[in-house]
Trainee: 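The structure's right below; bear with me while I get my questions together.
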Amino acid sequence: MSDSSSSRRRFLQQTAALGLLHGSRHSFAKSFVQMGDMHQTPRTTIPDAPGKTVPMLHVLELTPFVDPLPLPQTMGVAYPGKLRITMREIHAKIHRDVAPTLMWSYSPTPLAPIIEARSGHPLEIEWVNNLPTKHFLPIDHSLHGCGHDIPDVRTTTHVHGARVPSKADGYPTDWFVPGKSRTCVYPLQQDAATLWYHDHAMGLNRLNTYAGLFGLFLVRDEVEDSLHLPSGKYEIPLILYDREITADGQLFYPTSGDPEHPWVSEFEGDGIFINGKIRPHVEVEPRPYRFRILNTANSRFFNLSLDTQQPITQIGSDQGLLSTSADIPHLILAPAERGDVLIDFSKSSGKTLHLRNGGLDILQFRVSAQTTSPNSSASIPKNLRTIERIPESSAVTTRTITLDEYQDKVGNSMLMLLNHKRWHEPVTERPKLNTTEIWEFVNLTEDTHPLHLHLVRFQLLDRRRFDVFNYYTYNKVRYTSDALPPTPSESGWKDTIQCPPKAITRIIVRFEGYTGNYLYHCHVLEHEANDMMRPFEVIA
Ligand code: C2O
Ligand code: CU
């Protein structure tokens, strides 16, 4: 489980630099011990037969790199843009040696179409729910909005990172059932960026996303065009996630063992998937490539590097291009974060390279002897896009948001909240349209939480370690380190930010676009469901 322990995140660059190294994970230690044993020990509990033992597939023993990396179909946009995307149940091969796996998808394959749009050109999408009426993963009816009185299968699609009116945002309660659809218009008044779409149904999205409901959504613009980055077959999406697979090849999602409260506080599986396959390979030419990397995992952080020690050139993050490209040894992506990177294979003709997560090779690059097109590496500029730093002085207020962790009522798992409040409590954050605010996330837990705000993009100001004991005792912040400014990877526009433990992470955000109801939450989907999610309302 060396890969898993290294992916057990929490060793962020920033964390390390702050000296925030995360010794024991206290509350999570137990569940991680269980997860560590997952592929050797039969697990208990499946939805219809709690207590029954399920034999698991030893995923790490599958022969790696036997399947070619699947590439998604692109849904290009002919204007006026109108698309129709249907969710359905499918069976798909996740590995050469595994029987077909039942899953849900926005396409007939496990790989949802890439939606490709132009900045400033509105796009209309009809999201159609053609799923069965019975869920195949273990619903926890004790979670918010998940009662026995409402249908089991519900979906709503959120385009993560899109600046949209509230009614098109995929609000968690705007769900619809099989046989129904919902049409949303995305104005796309925003810069080129790697966005993505996923299910957001209240209390269910951890399961719906696990089942397979996610896809990429690329916005392009003239600034990006002018850079002449590798494109067409030289621009490859990499959608990363992890799953546990039963011996008969089916998706396994663990439960707590308590039939009234099956929720678990985190999920990490040994099966590392890229574009729907476990540890595939891809043929590349000896030239630079652009990779759009997205972490759609429920809880897992990816710590990516190349086995050749060659640096990865990062050119963009969640909300678009960085101001200048940055050569980084590792790319660490929390759930929902994106990395837009260049990898140059021009010195590797005829060789084999690997993309690693921690110590595990997860993707094999087979570099051909020759390129079929002229090498364009010389033309990749250092300066990518002008990004003005938002001055702190422009903020009208600073909101303090605590990240809290409780022993939950069952006593064997955790409950995580924001500002000690549950989702359904009245709105407390009401920013005014076209004003700028600083939000500081005071992390009182033992864990890194990726916090995401809908509607907006923001900039990271800094992170600073503080004395948690002092905070609890005197309700005062005593800093124990200097403020750490963003690394190059995080100095662009973000919509999801890693908040390391025992640190205060400050972001600055301008509330632009629309008034209405939105939300912010931890993107560890298990946390979000119970109950690390809060509404905010942008007011006129
Ligand atoms: Cu990626 Cu509220 O979502
Ligand atoms: Cu969290």
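In each ligand, atom 1 is the first atom listed, and ligand 1 is the first ligand listed.
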Trainee: Regarding Arg534 and Thr428, is there a side-chain donor-to-acceptor distance under 3.5 Å anywhere?
Mentor: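 The answer is yes; a qualifying pair exists.
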Trainee: Tell me whether His523 has at least one N, O or S atom under 2.8 Å from atom 1 (Cu) of ligand 1.
Mentor: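 Under 2.8 Å: His523 contacts atom 1 (Cu) of ligand 1 through an N, O or S atom.
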Trainee: Of Phe511, Phe458, Trp439, Trp423, which is the lone residue that meets ring pair (Phe, Tyr, Trp, His ring centres under 6.0 Å) with Tyr520?
Mentor: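 So, applying the ring pair (Phe, Tyr, Trp, His ring centres under 6.0 Å) to Tyr520 and each of Phe511, Phe458, Trp439, Trp423, only Trp439 qualifies.
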Trainee: Tell me which N, O or S atom from His527 is the closest to the Cu ion (ligand 2).
Mentor: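 Restricting His527 to its N, O and S atoms, the minimum distance to the Cu ion (ligand 2) goes to ND1.
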Trainee: Ignoring hydrogens and angles, state whether a donor on the side chain of His135 or Asn208 is under 3.5 Å from an acceptor on the partner side chain.
Mentor: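 Indeed, the side chains of His135 and Asn208 share at least one donor-acceptor pair under 3.5 Å.
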Trainee: Just give me the atom name: the N, O or S atom of His449 closest to the Cu ion (ligand 2).
Mentor: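 The atom in question is ND1.
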Trainee: Is the distance from atom 1 (Cu) of ligand 1 to the nearest N/O/S atom of His198 under 2.8 Å?
Mentor: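 Coordinating: yes.
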Trainee: Give a yes/no verdict on a cation-pi contact between Arg243 and Phe252, requiring under 6.0 Å between NZ or CZ and the six-membered ring centre and an angle within 45° of the axis.
Mentor: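 No.
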Trainee: Can a side-chain donor-acceptor contact be found between His527 and Arg206 if the only test is distance below 3.5 angstrom?
Mentor: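 Result is no, nothing qualifies.
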Trainee: In His160, which N, O or S atom comes closest to atom 1 (Cu) of ligand 1?
Mentor: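 Closest N, O or S atom of His160 to atom 1 (Cu) of ligand 1: ND1.
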Trainee: Quick one: angle His521 NE2 - atom 2 (Cu) of ligand 1 - His200 NE2, to the nearest 10°?
Mentor: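 Output for this angle: 110°, rounded to tens.
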Trainee: If you take the centroid of each ring, where Trp contributes its six-membered ring, are His523 and Trp196 closer together than 6.0 Å?
Mentor: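 Centroid separation for Trp196 and His523: below 6.0 Å.
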Trainee: Closer than 2.8 Å to atom 2 (Cu) of ligand 1, do we get an N, O or S atom from His454, backbone or side chain?
Mentor: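 Under 2.8 Å: His454 contacts atom 2 (Cu) of ligand 1 through an N, O or S atom.
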